[in-house]
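Small disclaimer: the values here were computed from a predicted structure and weren't measured. Atoms within each ligand, like the ligands themselves, are counted from 1 in listed order.
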Amino acid sequence: MTNNKSIDPTIKTMLEIAEAEGISTAFLRAEEMKPCPIGSKGACCAHCAMGPCRLVKEGQTGICGATIETVAARKLARMIAAGAAAHSDHGRDMALTLLAAAEGEAPDYEIRDVNKLLEVAELLGVATKGRETMEIAREVAEKALAEFGQQKGELIYLQRAPRKRQEIWRKLGIAPRGIDREVVDIMHRTNVGTDQDYDSILMAGLRNALADGWGGSMLSTDITDILFGSPVPLVARANMGALSEDEVNIVVHGHEPTLSELIVAAVNDAEMIEYAKSKGAKGINLAGICCTANETLMRQGVPTVGNFLSQELAIMTGAIELMVVDIQCIMQALVPLTERYHTTLVTTSPKARIEGATHVEFDEHRALEIAKQIVKMGIDNFPNRKETRIPKEVNHLVAGFSHEYINYALGGFYRGSFRPLNDAVVQGRLRGVAGVVGCNNPRTCQDAAHEYITRKLIENDVLVVMTGCGAIACAKYGLLSPEAAQYAGPGLREICEAVGIPPVLHVGSCVDNTRILTTLSQMASEGGLGDDIADIPGVGFAPEWMSEKAISIGCYFVGSGVYTIFGSESPVANSPVVDRFISEGWEELVGGKLEFIPDPEEAVRKALEHIDKKRAALGLVKYDPTRFGKSGDRLMEQFIAAMEAGLPVNLYSAKVPELA
Ligand code: NFS
């Protein structure tokens, strides 16, 4: 009964326990409640009190006369607006933290990446010469915040895109003006009796998505790097085996790194560790779930115990003393579940309170003090721990591939460039590139599509970058480790061996999908692969999406020129006109298209066809895997042997520890 719910062995074990003990989880609830066939396909309009109108018959309209096209377009546009609002508001909070730090009001924060601050300052037009770091930081924060409220003109970050792309946006009138403005624009035009022309609604939707990708989310990534450091590769662990039998387990869950970064500091505090020991624990073990996990994983090496669908089952181990959540992707079901165990659930954001949870409101002015208070609550709960059942499975991964690092890895510090990557695509050593991102969804077997699609892509010499829960999924199966090069096609394998990278690169949390936009822009500007993102032989996937944030992300990739494939049925399937417009219509206008393909095999086939089509359009050699794979670098095999022997391995030192 639990077999087809997840490919993760830890989840299978925990689901068997849930079944035996009669515990409700999202997996079970999804089985008991089928999706509404009208709403799920975009045929229900609930925007006013004359309805909800259900447009189920041929030619039927809403009471106001709204057609199925209008209803479906409104639905997709509002999904974009909600997703963009969530990710961009997270970006706003990062900018507010930077401002507070710069003004000396948040003493626990510092500028960890001054170079990144200077780079961002230059782009935002902030003078840097002869100025104090904190003065620059203050103005950068102010400029960033102004992008949210801007009413006219264009977002500054659009300049990061290739020139040709910027011209397309301007010509179509979809260059975003201000981040908040585009969200409000969608909420207004989809209000009853306003915009009733599906393509007008959908083009405004694209503009809103671009405001997220090239605005709120991109600012979020940059400011997070400024405050907490730009990620560089590090080795970490993934899956529930990262929970500790004899230490206090504290799990951070949600999205924002502002508190979790200080929790990292708090659990490493000598006094806290002593306090944990005084309660009978051997120490404190910090782990994460969802994107807060990705943030602390890629900067601090904090292990992740799982992705979205793992959150309830992790509690069922009985080994988590405290789960602290911030915003987004937190199941309300955690409250009744934690009541069955000793786990304390702590909410921290005034925007995300949950009835029945303990609320400790986060305040960046007293950040470390609050982090310590929460850690202490976890320690105090350790003596209440009863029987535990921690699954053993845990895999290692290399995380932290920021676009800056990819640039450096390929070209070195003084000649960092995307040229080697572009050359590899030009020569056919790499067939193309792909981003595989997004959530889990209990409507489909957990991680199965992520794992299958990623494996197939690397087998076909497509370099894959991953973020969010998708990255955690593939980390659990070892695909984000350098050893995974053995599953890659011959050309990709050679690159992994030569550069010392896994064939699947962890580039961060979901807001960090913007790192992929930046990378694609740099590839387009580097030469050899056309002069626009749409020319690059690449694709985007969100195989197990469920969040509105994923729709916003998908649409900003489409608006940037990328063919983007989502799993599941289309949420606007009941309007074939709208479904066609977001695919063929958008492709004609912006070069990218959005398609919903539930079958992963078909999705991979179409992606490879698309990559080959783009290669042909650029006049590149036909992809032929038999031409590569004979350079045979032995270094990687030696690294693998050393890792298997449990020796400490620094993949970037090019020195293999001696085997005994
Ligand atoms: Ni992205 Fe990250 Fe995960 Fe989906 Fe939720 S955690 S922001 S929305 S479920 S990938």
Quick check for you: to the nearest 0.5 Å, what is the distance between N513 atom CG and T467 atom OG1?
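Reported to 0.5 Å precision, the distance equals 3.5 Å.
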To the nearest 0.5 Å, atom CD of E261 lies from atom CZ of R112 at 5.0 Å
Considering only protein heavy atoms, which is closest to [atom], and at what distance to one decimal place?
atom	result
atom 5 (Fe) of ligand 1	C329 SG, 2.2 Å
atom 1 (Ni) of ligand 1	C510 SG, 2.3 Å
atom 4 (Fe) of ligand 1	C439 SG, 2.5 Å

Is atom 3 (Fe) of ligand 1 less than 2.8 Å from an N/O/S atom of C469, whether that atom is in the backbone or a side chain?
yes
In sequence, state the C-alpha distance, the side-chain angles, and the governing distance for K351 and D93, and then conclude on salt bridge (Lys or Arg N to Asp or Glu O under 4.0 Å).
CA-CA 11 Å; K351 278 176 239 176; D93 281 342; 2.7 Å; yes
Is H255 close enough to atom 2 (Fe) of ligand 1 that one of its N, O or S atoms comes in under 2.8 Å?
yes
Taking only heavy atoms of [X], which atoms of ligand 1 are found under 4.0 Å from at least one of them?
X	value
C291	2 (Fe), 6 (S), 7 (S)
F308	9 (S)
G438	10 (S)
S547	8 (S)

Check whether any side-chain heavy atom of K476 sits under 4.5 Å from a side-chain heavy atom of N395, and report yes or no.
no
Side chain, backbone, both or neither: M546 near ligand 1, heavy atoms under 4.0 Å:
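Just the side chain.
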Of L479, L480, I472, N294, which is the lone residue that meets side chain to side chain contact (heavy atoms under 4.5 Å, CB included) with M466?
L480
Which residue, R455, K456, E459, forms the side chain to side chain contact (heavy atoms under 4.5 Å, CB included) with Y487?
R455
Do other residues, nucleotides or ligands put more than 12 heavy atoms under 6.0 Å from the CD atom of Q332?
no
